[in-house]
Colleague: 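First the structure, then my questions, so here it is.
Both counts, for ligands and for their atoms, begin at 1 and track the order of listing. Just so we're clear, the structure is a prediction, and the values are computed from it rather than from any experiment. Heavy-atom basis, side chains included; hydrogens, waters and symmetry copies ignored.
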Amino acid sequence: MKFLLLALMLTSCSASPQDLSGKMFTFPLKTNSAYVRPTSSVRDLIAFTVCHRTFTDLKRDHALFSLATPNNPNAILVFWHSSVQEMEATVMDHPLKLVGLDYKLNMWHSICTTWDSTSGLLQLWFDGKPLSRKFATSGSSIRGSLIIILGQEQDSHGGGFDINQSFVGMMSDVHMWDYTLSACEIHNYMDDLNFTPGNVLNWMALEFQIFGRVIVEKDVMTCQKA
Ligand SMILES: *[C@@H]1O[C@H](CO)[C@@H](O)[C@H](O)[C@H]1NC(C)=O
Ligand SMILES: [Ca+2]
């Protein structure tokens with residue numbers, strides 16, 4: 001019995017990579033305890049691109065992507081600010097407001113965020129269109145044990161969730177790279193064409209743990225006739 005329990009614990013701790021092609025995470029409840037934690041062994045980012053597709057009917061604030069280091073809960077954050085109707089992208093506590101997005105409810109939205117420490121420039125791509133490039137912070141990398149959380153916003157390293165900032169809806173095609181993608185590669189991601197999968201997070205081989213009520217399901221909203 002003890003051995004069985006240990007074996008169960010080991011399997012839940014060291015999840016093997018899963019191919020989530022054609023699948024999505026469904027976050028069906030407003031909670032401060034349901035989330036997905038993808039695992040990554042990367043400990044130093046001098047640049048990144050992170051892309052995801054999300055679908056929600058939330059009118060309130062919510063986090064779309066949250067990456068924390070031991071020193072910085074807002075190492076990378078993509079966040080919708082409902083009061084000002086702006087997307088906010090943060091790198092190492094330097095938030096930038098991105099305006100003019102047509103962030104409609106009950107629709108899939110593809111978002112990619114790029115940043116590199118040399119220029120310090122951050123750019124968001126929204127549903128295929130590039131937004132204005134802006135300076136966030138330069139000179140230092142995102143370093144330390146990285147904790148990535150989908151579904152909640154970290155105010156501490158791996159925790160500090162606020163129910164009023166939780167994500168409710170569906171999320172798919174999460175990829176992250178340790179470099180900035182070219183415009184062509186981003187277009188390929190946005191249009192669901194061939195692209196090089198993420199080398200930090202790869203939706204086709206994702207290692208992750210689920211906490212609370214999050215469901216992995218097929219994209220049940222598109223009619224796929226055989
Ligand atoms: C969340 O929002 C509700 C309604 O605005 C409020 O009553 C509650 O105190 C908030 N909870 C937290 C943890 O901020
Ligand atoms: Ca918060």
Colleague: Return yes when at least one protein heavy atom is under 4.0 Å from atom 5 (O) of ligand 1, and no when none is.
Modeller: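 It does not: no protein heavy atom is found less than 4.0 Å away from atom 5 (O) of ligand 1.
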Colleague: How about Met171 and Phe27: do any of their side-chain heavy atoms sit closer than 4.5 Å?
Modeller: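 Yes - at least one pair of side-chain heavy atoms lies under 4.5 Å apart.
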Colleague: So, for atom 2 (O) of ligand 1, does the protein have a heavy atom nearer than 4.0 Å?
Modeller: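 Yes, because at least one protein heavy atom sits under 4.0 Å from atom 2 (O) of ligand 1.
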Colleague: Check for me whether the distance between the ring centres of Phe195 and His175 falls short of 6.0 Å.
Modeller: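 Distance test on ring centres: under 6.0 Å, yes.
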Colleague: Any Lys/Arg nitrogen of Arg53 or Asp192 sitting under 4.0 Å from an Asp/Glu carboxylate oxygen of the other?
Modeller: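 Yes, this pair counts.
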Colleague: Which single N/O/S atom of Glu153 lies at minimum distance from the Ca ion (ligand 2)?
Modeller: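 This turns out to be OE1.
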Colleague: Under 3.0 Å from the Ca ion (ligand 2), is there an N/O/S atom belonging to Gln165?
Modeller: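 For Gln165, the answer is yes, given that an N, O or S atom comes within less than 3.0 Å of the Ca ion (ligand 2).
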Colleague: May I ask you to check whether Asp155 brings an N, O or S atom to under 3.0 Å from the Ca ion (ligand 2)?
Modeller: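 Under 3.0 Å: Asp155 contacts the Ca ion (ligand 2) through an N, O or S atom.
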Colleague: Angle class for the Trp125/His187 ring planes (parallel below 30°, perpendicular above 60°, tilted otherwise)?
Modeller: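 Rings of Trp125 and His187: perpendicular, over 60°.
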Colleague: Are Gln123 and Pro130 packed together at the side-chain level, in the sense that at least one heavy-atom pair is separated by less than 4.5 angstrom?
Modeller: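 Yes, their side chains come closer than 4.5 Å.
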Colleague: Please list the nearest protein heavy atom to atom 13 (C) of ligand 1 with its residue and the distance rounded to 0.1 Å.
Modeller: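 Going atom by atom, the protein heavy atom closest to atom 13 (C) of ligand 1 ends up being Asp162 OD1, 4.0 Å.
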Colleague: Who's the nearest protein heavy-atom neighbour of atom 10 (C) of ligand 1, and how far?
Modeller: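 For atom 10 (C) of ligand 1, the nearest protein heavy atom is Asn164 ND2, 2.4 Å.
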Colleague: Of all heavy-atom pairs between Met204 and Pro197, which one has the smallest distance, and what is that distance?
Modeller: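 Shortest heavy-atom separation between Met204 and Pro197 comes out as CE-CG, 4.0 Å.
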